[in-house]
Peer 1: 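Sending over a structure as structure tokens; questions will come in a sec.
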Amino acid sequence: MARYIFITGGVVSSLGKGLAGAALGALLQARGYTVRLRKLDPYLNVDPGTMSPFEHGEVFVTDDGAETDLDLGHYERFTGVAARKTDSISSGRIYQNVLDKERRGDYLGKTIQVIPHVTNEIKDFLAIGEDETDFMLCEIGGTVGDIEGLPFFEAIRQFAQERPRGQCIFMHLTLLPFIKSAGELKTKPTQHSVKELRSIGLAPDILVCRAEQPIPEKERAKLALFCNVRPESVIAALDLDSIYEAPMALHEQGLDQAVLDAFCIAPAPRPDLARWERVVDAIRHPDGEVRIAVVGKYTALEDAYKSLKEALTHGGIANRVRVRAEWLDSEVFESEDPAPHLEGFHGIVVPGGFGERGAEGMVRAARFARERGVPYLGICLGMQMAVVEAARDLADMPDAGSQEFDHEAGAARFAHVVYHMAEWTVDGRTVRRKVDDAKGGTMRLGAYPARLIEGSHVAEIYGDQEISERHRHRYEVDLAYRERLETAGLRFSGLSPDGGLPEIVEIPGHPWFVGVQFHPELKSKPFAPHPLFASFVGAAVAQSRLV
Ligand code: GLN
């Protein structure tokens, strides 16, 4: 039976609960335990799949095709454990399940209430897979005191109460603000936050306090006394240069020891942190730097491309260089020449996105990269726009474009080299979609295999011809144009195993030009950089020696 660690947050949002949970997961692994991490989100969307990236940051896609919160990306990057559909749930999904059961008559005519029906549904979710792992880390999104979070807090209270003593602990993240004029870290907001927690029946075992400076003894003692935790369970989470320093930093603060103590696990197995020492060493001592331009649509919010940013960092770790990624709004290139903006970069990434805004700017960025021999990685929409670019300029199809934009505009302007995917196969089963289908959860989602063409650049990069990558798209490059595009110099170097869907294109003769229909950034880890990112950053290093 798994031991449960419930992670809550107080005082302010954005304290990094997800990161703290992920780092703790990594530390427990370092001590030889298996872990699984989960996120419970209080919002009413059924999943984040239909939310704008500006709302909630990136949508992280799992192998089994769930569209989830970006914290699941942190969990995976820190632990290497592939997230699953059953690791992410929202109030919306919980209510949907409860209401579906009510419609089916499953509740036998009872009045349906938050307690017990909604809380039972949450508890059932928490228990999924509990016999498969040593530790289950469950993060509750939002901040204690939020109205919409209450059913989750109540559910974890009941859950812990119903379990044998010692099977569940609570870890609470707060902020210790530093008041300059007083020269002090203030504990009062944390005291209030814990008071709020205790008023709903939860008592934290561990306090993780974000602070700009180390917590002096006096404040630590005060927190311990007023919040009813042991002094050694008050853990300082100081600001770090890199998130990958978090496991080592929290270990030095005694977090993993405090957690094992709270479970009365003694003697605690010794940790092996070699993996994290290597990662931190590579990040702290790079041999040089490369500049990468990310030309996308959602550049106003870095969280919108969270996994991409991290995957680029991992590519840097693989080459022992620092990657300086700069985010450029592709829309700018629709009115301005991209050259002055892009000169001086050692590589260009055009990431995923939806809708026409900024797409022409991506086409122009791809053209710049192709013509100037600058390393180019196009991801999903970035691959589709690279194909549009090649069709227009190399294959003499000036009206090439994507059906996505014609559909959106109710127009017929383009020859659809990128068209709506009407069907594809999953495990031998055919999935069919119409262009006007409901938006939620209807894309081609999750892990699909691809076969790489022998002798292609990507086959060399992967060192393999069979790969599996995660997808999230509705549109696809039309293979009807394959011959015409290949004759013009664009090679289709990866296809779905049935040969029906193109997965990868590349430009032979270009130093590094690859477009992928999937999202390689979702599978990259600091201790196992994704081959495409390792190779792309390697090419950027070569480029940096030229310019
Ligand atoms: N909008 C494109 C599609 O649906 C690309 C999606 C993406 O970049 N994730 O195919």
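Because only heavy atoms are used, hydrogens play no part in the values below, and waters and symmetry mates are left out as well, while side chains stay in. Counting convention: from 1, in listed order, for ligands and their atoms alike.
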Peer 1: Can a side-chain donor-acceptor contact be found between Glu506 and Ser493 if the only test is distance below 3.5 angstrom?
Peer 2: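 Indeed, the side chains of Ser493 and Glu506 share at least one donor-acceptor pair under 3.5 Å.
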Peer 1: Under the side-chain contact (heavy atoms from CB on, under 4.5 Å) rule, collect the residues that match up with Glu132, sequence neighbours excluded.
Peer 2: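 By the side-chain contact (heavy atoms from CB on, under 4.5 Å) rule, Glu132 matches Arg36, Arg84.
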Peer 1: Tell me every residue that passes side chain to side chain donor-acceptor pair (under 3.5 Å) with Glu245, counting only those two or more places apart in sequence or in another chain.
Peer 2: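 If we apply the side chain to side chain donor-acceptor pair (under 3.5 Å) test to Glu245, skipping adjacent residues, the hits are Arg284.
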Peer 1: Which pairs count as salt bridge (charged side-chain N to carboxylate O under 4.0 Å, His left out) when at least one residue sits in residues 351-364, sequence neighbours excluded?
Peer 2: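 Sorted result for residues 351-364: Glu331-Arg357, Glu356-Arg413, Glu360-Arg392.
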Peer 1: Just by distance, do the side chain of Gln517 and the backbone of His471 share a donor-acceptor pair under 3.5 Å?
Peer 2: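 Side chain of Gln517 to backbone of His471, a donor-acceptor pair under 3.5 Å: no, none is there.
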Peer 1: When you pair each N or O of ligand 1 with protein N or O atoms, which pairs come out under 3.5 Å?
Peer 2:
residue, atom, partner, partner atom, Å
ligand 1, 1 (N), Gly353, O, 3.0
ligand 1, 1 (N), Glu404, OE1, 2.7
ligand 1, 1 (N), Glu404, OE2, 3.1
ligand 1, 4 (O), Arg474, N, 2.9
ligand 1, 8 (O), Gly353, N, 2.9
ligand 1, 8 (O), Gly353, O, 3.4
ligand 1, 8 (O), Leu381, N, 3.1
ligand 1, 9 (N), Arg472, O, 3.0
ligand 1, 9 (N), His519, NE2, 3.2
ligand 1, 10 (O), Gln384, NE2, 3.1
ligand 1, 10 (O), Arg474, N, 3.2
ligand 1, 10 (O), Tyr475, N, 2.9
ligand 1, 10 (O), Tyr475, O, 3.3

Peer 1: Looking only at the aromatic ring of each residue, does the gap between the centers of His530 and Tyr462 stay below 6.0 angstrom?
Peer 2: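 Distance test on ring centres: under 6.0 Å, yes.
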